[in-house]
Amino acid sequence: MNDLQPFQRQKLYDNRTIWIRFADGLGSHALNWTYGVGSATMLVWETLLLIFRRPLQFNLLVRQLLLIGVNSVPVVLFTGVFTGVVLATQGYHELKDLSAEGSIGGFVTTSVIKELGPMVTAFVLAGRIGASITAELGTMKVTEQIDALEIMATNPVKYLVVPRFLACAIMLPILTIFATVFGIAGGYFTAVSIFDMNGRFFMKQARNYLFIGSIIISLIKASAFGMAIASIGCYKGFTIPSAGGAEGVGKATTGSAVTSLMTILAMDALLNQLLYTVVGLK
Amino acid sequence: MIQIRNIWKSFENKEVLTGLDLDISRGETLVIIGRSGCGKSVLLKLITGLMKPDQGEIWVNGEEITQLKRKALHHIRQKVGMLFQSSALFDSMTVEENVGFMLSQHTKLRKREIEEIVAEKLHLVDLDGTQRLRPAELSGGMRKRVGLARAIAFNPEVILYDEPTTGLDPITGLEINRLIRDLHTKLQVTSVVVTHDMDSAFSVATRMAMIHQGDVIAHGFPDEIRQIDNAVLQQFISGGNIQKIDA
Ligand SMILES: Nc1ncnc2c1ncn2[C@@H]1O[C@H](COP(=O)(O)OP(=O)(O)OP(=O)(O)O)[C@@H](O)[C@H]1O
Ligand SMILES: [Mg+2]
């Protein structure tokens with residue numbers, strides 16, 4: 001019995017009631033979660049400070065911008081178009097019941113700009129870029145490359161996180177614009193060619209709903225989502241235990257995508273409150 | 001140069017180092033031997049501050065490093081080179097970028113000048129012309145030597161080698177031994193070499209120490225080490241040819 005690990009021993013002799021064990025498990029999950037959120041926030045804070053510490057390595061930033069931008073454009077455009085198509089189809093039938101199918105142009109435009117454009121883009125990038133950041137940094141962690149950076153007196157946060165953070169914060173709004181334009185185009189195409197609507201009327205409607213405030217909201221949200229995706233991706237990669245191996249990298253990669261998605265949803269709710277209610281954008 | 005005082009380190013209830021003391025003086029080449037898993041690599045990581053001990057002090061150049069912040073640590077590390085057991089090359093970079101990494105990060109040297117230094121260091125480890133290759137295209141022994149070239153590229157005052165000759169053919173192994181000796185005699189570098197290769201150990205060591213069950217059980221000059229009356233030590237350096245010993 002003596003060579004059992006303590007945690008095994010505890011399981012063998014665990015005669016506590018199921019409720020106490022449940023509470024214990026819940027408690028330690030909550031603690032872990034709080035600890036995770038805390039140290040992820042520290043990472044973001046350190047990143048923000050290091051952005052302004054010279055030298056900013058431009059070549060690293062450009063590389064990430066290209067990697068994130070170029071790789072994501074096709075998927076983002078594809079998702080954008082079909083979001084518009086689905087939205088127009090759904091909207092047409094709903095609005096028809098209210099005999100308001102004429103305002104489909106406005107409906108599609110507002111929804112895509114304020115909500116679906118940034119959201120869909122962020123979802124795509126959480127799956128693609130967030131996960132690949134975690135896989136890359138995680139592999140570097142378990143193969144001691146992060147240690148090697150440290151030994152060579154280079155701050156891994158400055159060298160690895162800052163360029164990815166900035167690239168995501170810059171690229172997300174740009175990709176969101178692409179998704180939005182293609183989303184509205186998808187809606188237009190659907191309305192005109194499937195529901196036989198007047199194209200000029202659709203565009204007039206769309207223009208009426210095109211507020212500068214909405215565009216600002218869209219871009220602010222997109223940029224914030226980008227920062228979240230990069231931070232979570234990097235954090236998940238850095239925190240793989242160095243003895244975690246390939247399995248650890250795999251787990252963290254899935255975890256990264258899932259955590260990003262949930263964070264984006266929560267942030268969206270929060271930012272909507274903030275931007276509409278407090279700042280008063282429209 | 002380096003003083004290690006009463007260091008304790010454990011992982012998930014597994015005691016690895018238990019109150020270890022060790023002194024490393026300036027300009028010496030200390031070879032550390034010990035069985036696989038006894039904590040040699042961990043000790044090197046503690047010395048460089050990559051890991052924190054549970055207890056104890058580590059002094060490098062008169063500074064206690066276990067409590068230092070990253071910035072102060074990085075200041076010290078500019079003078080320290082380390083060859084990792086796994087080489088730990090950056091796999092997204094070429095050999096040239098790997099070896100020239102510190103030069104491009106911490107100096108304002110021009111690209112041409114860095115290329116020259118890199119070529120010179122690669123020549124030292126007998127890897128001329130491999131500049132454009134990527135780590136994945138190299139054999140294990142070649143990777144080790146690139147790691148070595150990278151460790152010495154910034155002309156460190158202290159070099160830590162984690163198994164520099166493991167996985168090398170005997171001839172290359174001899175060359176690496178000579179390189180370690182040269183750095184010692186010509187540049188008075190302070191070196192710590194972890195190795196299982198007894199020929200290499202006796203060829204480069206000015207002093208040796210053996211770690212067993214979490215502590216240094218014997219240390220001394222190479223001739224002394226051969227004389228010390230300790231069964232574990234003697235079995236180790238004679239390649240396990242004496243009697244069976246309980247680890
Ligand atoms: N990051 C880590 N997480 C958990 N355990 C670790 C970690 N690093 C080392 N260990 C444990 O510490 C012990 C010592 O490891 P270390 O790598 O120092 O051995 P070593 O003496 O270098 O062995 P070898 O000669 O095989 O390289 C091992 O039992 C190992 O399991
Ligand atoms: Mg080792």
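These numbers come from a predicted model, not from an experiment. Convention: sequence-line order gives letters A, B, ...; per-chain numbering from 1.
- When the shell of 6.0 Å around CZ of Phe90(B) is examined, it contains more than 12 heavy atoms from other residues, nucleotides or ligands.
- The line from CD1 of Ile151(A) to CG of Leu44(B) is 9.0 Å long, rounded to the nearest 0.5 Å.
- Proximity to chain B (any heavy atom under 4.5 Å) is shown, for Val142(A), by neither the backbone nor the side chain.
- Identified by a heavy-atom distance below 4.5 Å to chain A, the contributing residues of residues 61-86 of chain B are Arg70(B), His74(B), Arg77(B), Gln78(B), Val80(B), Met82(B), Phe84(B), Ser86(B), in residue-number order.
- Note: Phe101(B) and Tyr159(A) meet the aromatic proximity criterion, with ring centroids under 6.0 Å apart.
- For residues 46-54 of chain B, heavy-atom neighbours of chain A at less than 4.5 Å comprise Thr48(B), Leu50(B), sorted by residue number.
- Environment of CZ in Phe11(B): crowded, with over 12 heavy atoms of neighbouring residues, nucleotides or ligands closer than 6.0 Å.
- Summarising the geometry of Ala88(B) relative to Ala148(A), their closest heavy-atom pair is O-CB, 3.7 Å, with the distance given to 0.1 Å.
- Here the closest non-hydrogen pair linking His106(B) and Met152(A) is NE2-O, 2.8 Å.
- Interface residue Leu149(A): backbone and side-chain heavy atoms are both found under 4.5 Å from chain B.
- In this structure, Gln145(A) CD and Met93(B) CE are separated by 8.5 Å, a value rounded to the nearest 0.5 Å.
- Neither the backbone nor the side chain of Lys14(B) comes within contact range of chain A; no heavy atoms are under 4.5 Å apart.
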